[in-house]
Amino acid sequence: MRRQLLKALGLAAVVAGTLGCAAGATAAEIETGGKLLLTGGVSSLEGGAGGGLATWAVIAGNETNNGVGGKVHATYVDVSDYTLRAAGAAVGLHDRIELSVARQEFDTGATGAKLGLGKGFTFKQDIVGVKLRVLGDAVYEQDTWVPQVSIGAQYKKNNQDAIVRAIGGRKDSGVDYYVAATKLVLDKSLVLSGAMRLTKANQTGLLGFGGDKNDSYTAQFEGSAGLLLSKRLAVGAEYRTKPSNLGFAREDDWVDLFAAYAINKTVSVTAAYVDLGEIATFKDQRGVYISLQAGF
Amino acid sequence: MRHFTQSAALAAVIALGLAGSALAQDAVPPGEQPVDPYVQSNANAGAKPMDDTRVFEAFRGKDGLVRIAADTVDRSMADPRIKEIFATTDVPRLKRTLAEQFCYVLGGGCAYSGRDMAAVHKDMGVTNRDMNALIENLQLAMDKEGVPFFAQNKLLAKLAPMQRSVVER
């Protein structure tokens, strides 16, 4: 388990290096950096910029409208009966377009044996995302309630097609579509974000897409509220509704309480207490979420 | 002859009148450079003043704002990211008008005597990155003055929308 986390961190470091070199090579023509601390959000579990469990309308990276930015992350979630490791990278272009990739490994550990999958059985999922800022500016436009609004899509591919079908899932891949609105309410030192996601994903896709109970897209909500305690530190809560497409186990909404800390403009850490509810018949999946991010 | 005297007196009156109005417009405070005439108005400050004076008090009033404005300008002129922008700036005037602007928008009762944000920044080619660098310097200056973070953000909330007038590219 520890080795896999180290592997994920290693991957993140390699991607960071590659992105860093790319940034250096083009620094003469395209500028990097320039965003204020934390105004690019943190890395969400699915790879893009967000609050952690929720996706936000902000674009990843420290770049402004004239530059490119990027971010890598390694995330570790440890709840009662499962662990989830995730690593990914995102590139922000001109604070307008975000491209992201993420790999998630949902490790059933000892629970795998109880589920009849075998001890340490792991679902892996790859996610490729694109996000486009369509209007507003979350940071500057403090004289209006209009938020920054982005639209996006995430293609997700799970590696356990046979198991997904055995538990009632319909497909091992799917596409989520979302619209997100994020606003910094500087006057109150608050950051608010909401997103509406059209999805068929079971446990965000870790248990496949569509199911015996429901095989249609449903609209789900993601909300975040954070309080800025300093330039570097934000604390808050998130809520994410989820569909319940599978007959064999109920799927619950996700909740978290988070703290995001920017060590500097390059490195930030997110720590959260998460309640993921029931996952594959195992109830009350509560625990910790730790995410380390590096960006430019 | 009497006619001439009358004319001369009239001319003198007119000249005095003109000099008087020019004086009102062009009175150059000590240490500052003259500027081209413009219409002075608090509306040039670019934001409406706050009703609540508690934030102004958290900034230690006008004296605190004078220190913060001066420190922000000093830091920015030493900041490799943006110092070139200030190469030809009338520094005493910038410090004075910046303090007036902060004082006015925080409801401190000051009049703003500077030009509007679009006019001041015209053709400077300021970018978002430049503006954010200045905001960071302002944050450091407010930290140094001991202004609480939540009060700092209330001033920044007033200044942030000026990005539309300040940033050109």
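For the numbers below, each heavy atom of this structure counts, side chains included, while hydrogens, waters and symmetry mates do not. Each chain gets a letter, A, B and so on, in the order the sequences are listed, and its residues count up from 1. Just so it is clear, the model here is predicted, and its values are computed rather than measured.
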Handout entry: Trace of the side-chain hydrogen bond (donor to acceptor under 3.5 Å, both in side chains) decision for A:Asp137 with B:Gln163
Key = CA-CA 11 Å; A:Asp137 187 294; B:Gln163 180 258 3; 5.2 Å; no

Exercise for the section: Could you tell me whether the side chains of A:Ser291 and A:Thr270 share a donor-acceptor contact shorter than 3.5 Å? Expected result: no

Practice task
Decide, yes or no, whether a salt bridge links A:Asp143 with B:Lys48 under the criterion of side-chain N to carboxylate O below 4.0 Å.
Solution key: no

Problem - Residue A:Leu184 versus chain B: region with a heavy atom under 4.5 Å - result: neither

Handout entry: Between CG on residue A:Asn66 and CG on residue B:Asn128, distance to nearest 0.5 Å
Key = 7.0 Å

Handout entry: Per-residue contact mode, B:Asp130 against chain A (heavy atom under 4.5 angstrom)
Key = neither

Practice task
Please look at A:Val139 and chain B and tell me whether the side chain, the backbone, both or neither of the residue comes under 4.5 angstrom of a heavy atom of that chain.
Solution key: backbone

Problem - Most contacts with chain B, counted as non-hydrogen pairs under 4.5 angstrom, among A:Leu36, A:Thr64, A:Leu228, A:Leu37 - result: A:Leu36

Completion exercise
Whatever's closer than 4.5 Å to a heavy atom in chain A on B:Leu156 counts as both

Practice task
Output yes when A:Asp256 and A:Arg240 qualify as a salt bridge under the 4.0 Å nitrogen-oxygen rule, no when they do not.
Solution key: no

Fill in the blank from the handout: When the 4.5 angstrom heavy-atom criterion is applied to A:Leu190 and chain B, the contacting part is neither

Practice task
Any chance you could lay out the side-chain hydrogen bond (donor to acceptor under 3.5 Å, both in side chains) test for B:Asn137 and B:Asp79, step after step, and finish with the verdict?
Solution key: CA-CA 9 Å; B:Asn137 293 332; B:Asp79 185 336; 3.2 Å; yes

Handout entry: Top contributor to chain A interface from B:Asp143, B:Thr127, B:Asn132 [non-hydrogen pairs under 4.5 Å]
Key = B:Asn132

Exercise for the section: Measure distances from A:Thr144 to the heavy atoms of chain B and classify the residue's part below 4.5 Å as side chain, backbone, both or neither. Expected result: side chain

